[in-house]
Amino acid sequence: MTSHPSAGFLRRLGAMFYDFLLLIALHMTVLLVLVRIIGVALEPVASQPLVVLETYLFFTFFWLRSGQTLGMLAWKLRIEQDDGARLTLMTANRRLLGALLGFVALFIGYLWILFDPDRRAWSDLLSGGRTVVVADAD
């Protein structure tokens, strides 16, 4: 078990908002580069798979690297596995699946934090981990 306290709903929401803004900036940058390379603007429908790929790479890169996205770093959050192990690609994929299900189900997967005794979202439950608050020295 972790010595860090589990993160609450509002703090996670703040980190999600930061990451959302970063994903928008990333997508705009990638689109700009693509427009420069191919010379024409992509139709919105054509860029949707690109958004999915960018989102997947963004989260898996940061979670596998340090257990923190940039938004999580700003809000002093980190993902920890229950067994103390680092995230693997499989656990990161399960987290993303849990996050997707949590959003698609009218945000219930994140509202679950308010009712779960360990303050876990569906992404935490599905991946066997938790999102914790860390001190600056960690």
Side-chain angles (χ1 to χ4, degrees):
M1 200 68 153
T2 182
S3 61
H4 297 105
S6 293
F9 178 75
L10 291 177
R11 183 170 272 210
R12 288 186 194 210
L13 198 60
M16 282 186 246
F17 182 70
Y18 274 42
D19 287 335
F20 175 71
L21 293 176
L22 290 168
L23 281 167
I24 289 172
L26 174 65
H27 184 61
M28 290 172 58
T29 303
V30 169
L31 283 178
L32 177 65
V33 169
L34 283 175
V35 166
R36 292 287 187 186
I37 291 172
I38 62 176
V40 296
L42 292 176
E43 292 294 321
V45 172
S47 71
Q48 288 176 355
L50 187 58
V51 170
V52 172
L53 179 63
E54 291 163 353
T55 302
Y56 175 79
L57 292 174
F58 176 86
F59 284 105
T60 55
F61 172 79
F62 285 109
W63 287 344
L64 294 176
R65 183 173 166 264
S66 64
Q68 295 175 294
T69 61
L70 295 174
M72 294 173 78
L73 184 64
W75 283 83
K76 297 180 180 17
L77 300 177
R78 184 175 62 218
I79 297 167
E80 293 184 348
Q81 291 302 110
D82 288 340
D83 62 3
R86 293 182 58 99
L87 265 69
T88 64
L89 185 57
M90 185 62 75
T91 54
N93 287 339
R94 287 196 306 253
R95 281 195 77 77
L96 279 170
L97 177 61
L100 177 64
L101 292 173
F103 280 117
V104 170
L106 304 174
F107 214 63
I108 293 171
Y110 286 95
L111 291 172
W112 196 263
I113 297 165
L114 301 172
F115 304 101
D116 185 272
D118 294 323
R119 296 164 103 184
R120 291 181 180 212
W122 287 358
S123 55
D124 296 319
L125 294 168
L126 194 58
S127 66
R130 65 181 60 251
T131 305
V132 297
V133 179
V134 293
D136 289 330
D138 287 342

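- Counting only heavy atoms from C-beta outward, the side chains of L87 and E80 never approach each other to under 4.5 Å.
- You'll find the side chain of F62 stays beyond 4.5 Å of the side chain of I79, heavy atoms only.
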Should V40 and V35 be marked as a side-chain contact (heavy atoms from CB on, under 4.5 Å) after you check the CA-CA gap, both sets of side-chain angles, and the distance that decides it? CA-CA 5 Å; V40 296; V35 166; over 6 Å; no

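- L50 places a side-chain heavy atom less than 4.5 Å from the side chain of L34.
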Please determine whether side-chain contact (heavy atoms from CB on, under 4.5 Å) holds for the pair Y110 and L13, giving the CA-CA distance in whole Å, both sets of side-chain angles, and the decisive distance to 0.1 Å. CA-CA 9 Å; Y110 286 95; L13 198 60; over 6 Å; no

Let me see the working for T60 and N93 under side-chain contact (heavy atoms from CB on, under 4.5 Å), right down to the final yes or no. CA-CA 8 Å; T60 55; N93 287 339; 4.2 Å; yes

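- R78 and T69 are not linked by any side-chain donor-acceptor pair at a separation below 3.5 angstrom, with hydrogens and angles left out of the test.
- Around CZ of F17, the count of heavy atoms belonging to other residues, nucleotides or ligands within 6.0 Å does not exceed 12.
- Counting heavy atoms from C-beta outward, R130 and Q81 have side chains that stay 4.5 Å or more apart.
- In terms of heavy-atom proximity, S123 sits nearest to A99 at CB-N, 3.7 Å.
- Under the 4.5 Å side-chain heavy-atom criterion for ILVMFWY residues, no single connected hydrophobic cluster contains both L32 and I38.
- Note that the CG atom of L111 and the CG atom of D116 stand 12.5 Å from one another [nearest 0.5 Å].
- The aromatic rings of Y18 and W75 lie perpendicular to each other, with more than 60° between the two planes, well past the 30° mark.
- Taking the side chain as every heavy atom from C-beta outward, L31 and H27 approach each other to under 4.5 Å.
- Across every non-hydrogen atom of S47 and P44, the tightest pair is OG-O, 3.0 Å.
- For CZ of F20, the number of neighbouring non-hydrogen atoms (other residues, nucleotides, ligands) closer than 6.0 Å is 12 at most.
- Taking hydrophobic clusters as Ile, Leu, Val, Met, Phe, Trp and Tyr residues chained together by side-chain heavy-atom distances below 4.5 Å, L57 does not share a cluster with V52.
- Separating the CD1 atom in I113 from the OG atom in S6 is a distance of 9.5 Å, to the nearest 0.5 Å.
- Hydrophobic cluster membership is shared by V30 and V33, with clusters built from Ile, Leu, Val, Met, Phe, Trp and Tyr side chains linked at under 4.5 angstrom.
- At a threshold of 4.5 Å between non-hydrogen side-chain atoms, the residues Q68 and L77 do not count as touching.
- Distance check: D83 CG to T91 OG1 gives 9.0 Å after rounding to the nearest 0.5 Å.
- Looking at M16 and L21, their side chains never come closer than 4.5 Å, going by heavy atoms from C-beta outward.
- Between the side chains of R94 and S127, no donor N or O sits under 3.5 Å from an acceptor N or O.
- From Y56, atom OH reaches atom CZ of F61 across 13.5 Å, with rounding to the nearest 0.5 Å.
- Residue L10 is not grouped with residue W122 when hydrophobic side chains (ILVMFWY) are merged at heavy-atom distances under 4.5 angstrom, including chains of intermediate members.
- Taking CG of D19 as the reference point, atom CG of L26 lies at 11.5 Å (rounded to 0.5 Å).
- Remark: the backbone N or O of G129 is paired with a side-chain donor or acceptor of R120 at under 3.5 angstrom.
- The hydrophobic clustering, which links ILVMFWY residues whose side-chain heavy atoms are closer than 4.5 Å, places L22 and L53 together.
- Listed for the R86 side chain is a donor-acceptor partner under 3.5 Å among the backbone atoms of L64.
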After noting the C-alpha distance and the side-chain angles of F9 and R119, does the key distance pass the side-chain contact (heavy atoms from CB on, under 4.5 Å) rule? CA-CA 8 Å; F9 178 75; R119 296 164 103 184; over 6 Å; no

Salt bridge (Lys or Arg N to Asp or Glu O under 4.0 Å) between D124 and R95: does it pass, once the steps are laid out? CA-CA 7 Å; D124 296 319; R95 281 195 77 77; 2.9 Å; yes

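- Taken from CG in L23 to CG in L70, the straight-line distance is 10.0 Å, to the nearest 0.5 Å.
- Looking only at side-chain heavy atoms (C-beta outward), L125 and W112 come within less than 4.5 Å of each other.
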